[in-house]
*Asks:* 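First the structure, then my questions, so here it is.
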Protein chains: 2
Amino acid sequence: MLQLTRDGEYAVRAVIFLAAQPEGKVSLINEISVEQEVPKSYLSKIMQHLTRAGLVKSRRGAKGGFTLARTADTITLRETIEAVEGPIFLNVCLIKKGECHRDDLCPVHPVWKEAQKKLMEVLEGKTMADLVKDAEAIKKSSKRAMLRKA
Amino acid sequence: MLQLTRDGEYAVRAVIFLAAQPEGKVSLINEISVEQEVPKSYLSKIMQHLTRAGLVKSRRGAKGGFTLARTADTITLRETIEAVEGPIFLNVCLIKKGECHRDDLCPVHPVWKEAQKKLMEVLEGKTMADLVKDAEAIKKSSKRAMLRKA
DNA sequence: GGTATTTAAGACTATTTTAGTCCGAATATA
DNA sequence: TATATTCGGACTAAAATAGTCTTAAATACC
Ligand code: FES
Ligand code: FES
């Protein structure tokens, strides 16, 4: 449907949450689930994917939980989404040659290629560190708006 | 899955086919299906959608068939796809306010907004007339390549 | 060692979407 | 009337989506 799935959306929320935590803080499924409004048992599966993809580090048992596996400025939005959704291709013919009926004669192919490139530029241009910073800026400006009203 | 469905792909093929026909030519499901490698009975449904969306004109009965309802230079790639897939939104929260958990506080929202805008620019920037012209250019240049080889 | 805590792994399910097929009815031509 | 052709909708199989639930494994603390 040319639309991000819940998997992708939830993965992004979870990673942003981790990125926003203070250095060394370990987060529990429960916290993330409540704060980011993601069903707990569903989130658990998503965290597993993120862990296997190497974005997140997990520790089991008492005092266990999740942290980022790398610094937030090295994790892009694209990587986070693809970790749970698999590689993004706006059209099947972009996966590899021979998927479409006579790819090199298809006039639409270059158009999808460009659309794909632009989408990737946007998703790769934002790191989790950027998003955390943006979130802070939004919070501050909305606080100012509240004060103006009062 | 953040990917174009067969509906969209087939619709584009069908409309390009019609756009490439000489003025006044009426095309049959059968022709389009064979030429563009789309299952006949599936294509029939897609043509209905395109007709209802006002991109294509249909006439039943003997000597019936399909033609474009408007000139090819007024039909964009976006319009063709949305005629069969419905409006494109890269994330549900782009549909309308209140879809995401607290939209105005979400730092990811502006990113999706930009991705959406760029995608739309690409898909709206190509008309069916453009694509037919591109196809001709590709055919010519591939013919030149053949001659060089021979 | 025993117990509480916490994630890992995967089986299971319900609903929706995708990608079609098939057929009878309507419509137009000759 | 016979023939050609789309229209409309019912029908289907397979996959994706969006979850839930249960059991196992790892870790910490007493
Ligand atoms: S081959 Fe890629 S759009 Fe046709
Ligand atoms: S509200 Fe649109 S991405 Fe979060």
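Letters A, B, ... mirror the listed sequences (proteins, then strands); counts begin at 1. On a predicted model such as this, the values are computed, not experimentally measured, just so you know.
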*Asks:* Quick check for you: to the nearest 0.5 Å, what is the distance between B:Gln3 atom CD and A:Glu85 atom CD?
*Replies:* 11.0 Å
*Asks:* Report the distance from atom CZ of A:Phe66 to atom P of C:dT7, rounded to the nearest whole Å.
*Replies:*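 Roughly 5 Å, once rounded to whole Å.
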*Asks:* First locate atom NZ of A:Lys63, then atom CG of A:Leu28, and finally report the distance between them rounded to the nearest 0.5 Å.
*Replies:* 10.5 Å
*Asks:* I'd like to know if the side chain of B:Thr71 pairs up with that of B:Asp73 as donor and acceptor (distance under 3.5 Å, no hydrogens or angles considered).
*Replies:* yes
*Asks:* Within the structure, does a side-chain N or O atom of B:Ser58 lie under 4.0 Å from either OP1 or OP2 of D:dC7?
*Replies:* yes
*Asks:* Whether B:Arg13 engages the ring of B:Tyr10 as a cation-pi pair (distance to the six-membered ring centre under 6.0 angstrom, angle to the ring normal within 45°) should be assessed.
*Replies:* no
*Asks:* When you check the phosphate oxygens OP1 and OP2 of D:dC7, does a side-chain N or O of B:Arg52 lie under 4.0 Å from one of them?
*Replies:*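 Answer is no, no contact under 4.0 Å.
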*Asks:* Which parts of residues 31-43 of chain A get close to DNA chain D, meaning a heavy atom less than 4.0 angstrom away?
*Replies:*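 Those residues are A:Pro39, A:Ser41, A:Tyr42.
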*Asks:* Return a single string for nucleotides 25-30 of chain C, one symbol per nucleotide in 5' to 3' order, where B is base contact, S is sugar-phosphate-only contact and - is none, cutoff 4.0 angstrom on heavy atoms.
*Replies:* -BBBSS
*Asks:* Nearest whole angstrom, please: distance from the P of D:dA16 to the CD of A:Glu85.
*Replies:*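 Atom-to-atom, A:Glu85 to D:dA16, this comes out as 13 Å.
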*Asks:* In whole angstroms, how far is the P atom of D:dC11 from the NZ atom of B:Lys45?
*Replies:* 13 Å
*Asks:* For the pair made of CG in A:Leu2 and C1' in D:dT17, what is the distance, rounded to whole Å?
*Replies:* 16 Å
*Asks:* Between the side chains of A:Asn30 and A:Ser33, is a donor N or O closer than 3.5 angstrom to an acceptor N or O?
*Replies:*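 Note: A:Asn30 and A:Ser33 side chains miss the donor-acceptor criterion.
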*Asks:* For A:Glu82 and A:Ile88, indicate whether the former's side chain and the latter's backbone hold a donor-acceptor pair under 3.5 Å.
*Replies:*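 Here the side-chain-to-backbone pair exists.
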*Asks:* Show which residues join A:Leu105 in its hydrophobic cluster (side-chain heavy-atom contacts under 4.5 Å, direct or indirect), or state none.
*Replies:* B:Ile138
*Asks:* Figure out the CD1/P separation between A:Ile46 and C:dG10, and round it to whole Å.
*Replies:*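 The answer, rounded to whole Å, is 17 Å.
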*Asks:* Return the value, rounded to whole Å, for the distance between atom NE2 of B:His49 and atom P of C:dT17.
*Replies:*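 It is 13 Å, rounded to the nearest whole Å.
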*Asks:* For a quick check of understanding: with a heavy-atom distance under 4.0 Å over all strands, which category does B:Met1 fall into, base, sugar-phosphate or nothing?
*Replies:*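 Contact class for B:Met1: sugar-phosphate only.
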*Asks:* Determine: side-chain N/O of B:Tyr10 to OP1/OP2 of C:dA19, distance under 4.0 Å, yes or no.
*Replies:*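 Answer is no, no contact under 4.0 Å.
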*Asks:* Just by distance, with hydrogens left out, do A:Asn91 and B:Glu9 show a side-chain donor and acceptor under 3.5 Å apart?
*Replies:*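 Per modelled atom types, A:Asn91 and B:Glu9 side chains form a pair under 3.5 Å.
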